[in-house]
Amino acid sequence: MPQSYTAVICTREQFDSVITSLLKERSEDSLAVLGFIRKRIFQYHLHCDVCLVLNEVYFRGLKFITSGGEIQSPLPWIRATAYNVIREMS
């Protein structure tokens, strides 16, 4: 994962890197975020995969970045957006 999550993510490449590292690495951060998503899927009684939710989060992030938005803290942003996606799916 990138060194600092407090830095502003303003490029697609940096956002791609964070999402990819969530899926590939077994760090504390990735386990926490993926665990949170799994827990919310179970809480809302959904029959979907974590990757489906993360995919929607990724597309929303790309749309937000290309429209000029800046993500200050990617992991909390991903977590909050995933929660919103799950709520919308329920």
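Just so we're clear, the structure is a prediction, and the values are computed from it rather than from any experiment.
- Rounded to the nearest 0.5 Å, atoms NE2 (His47) and CZ (Phe42) are 10.5 Å apart.
- Taking CD of Gln43 as the start and CD1 of Ile41 as the end, the distance is 11.0 Å to the nearest 0.5 Å.
- Separating the CD1 atom in Ile19 from the OG atom in Ser30 is a distance of 11.5 Å, to the nearest 0.5 Å.
- Side-chain contact between Glu25 and Thr20 is absent, with no heavy atoms from C-beta onward closer than 4.5 Å.
- Between the side chain of Ser21 and the backbone N or O of Val18, at least one donor-acceptor pair lies under 3.5 Å.
- Ring orientation note: the planes of Trp77 and Phe15 are nearly perpendicular, at an angle over 60° on the 30°/60° scale.
- Residues passing the salt bridge (Lys or Arg N to Asp or Glu O under 4.0 Å) test with Asp16 are Arg12, sequence neighbours excluded.
- Placement of Leu23 and Val57 within a single hydrophobic cluster is found when ILVMFWY residues are connected by side-chain heavy-atom separations under 4.5 Å, directly or transitively.
- For the atom pair Glu56 CD and Met89 CE, the distance stands at 8.5 Å (nearest 0.5 Å).
- Residues Ile78 and Leu54 have side chains in contact (heavy-atom distance under 4.5 Å, counting atoms from C-beta outward).
- Distance check: Ile37 CD1 to Leu52 CG gives 10.5 Å after rounding to the nearest 0.5 Å.
- Taking Arg38 as the reference, nothing meets the salt bridge (Lys or Arg N to Asp or Glu O under 4.0 Å) condition, with sequence neighbours excluded.
- The closest side-chain heavy-atom distance from Arg40 to Phe36 is below 4.5 Å.
- A distance of 11.5 Å separates CG in Asn55 from CZ in Arg60, rounded to the nearest 0.5 Å.
- Phe59 places none of its side-chain heavy atoms less than 4.5 Å from the side chain of Phe64.
- Among residues two or more places apart in sequence or in another chain, the salt bridge (Lys or Arg N to Asp or Glu O under 4.0 Å) test is passed with Glu28 by none.
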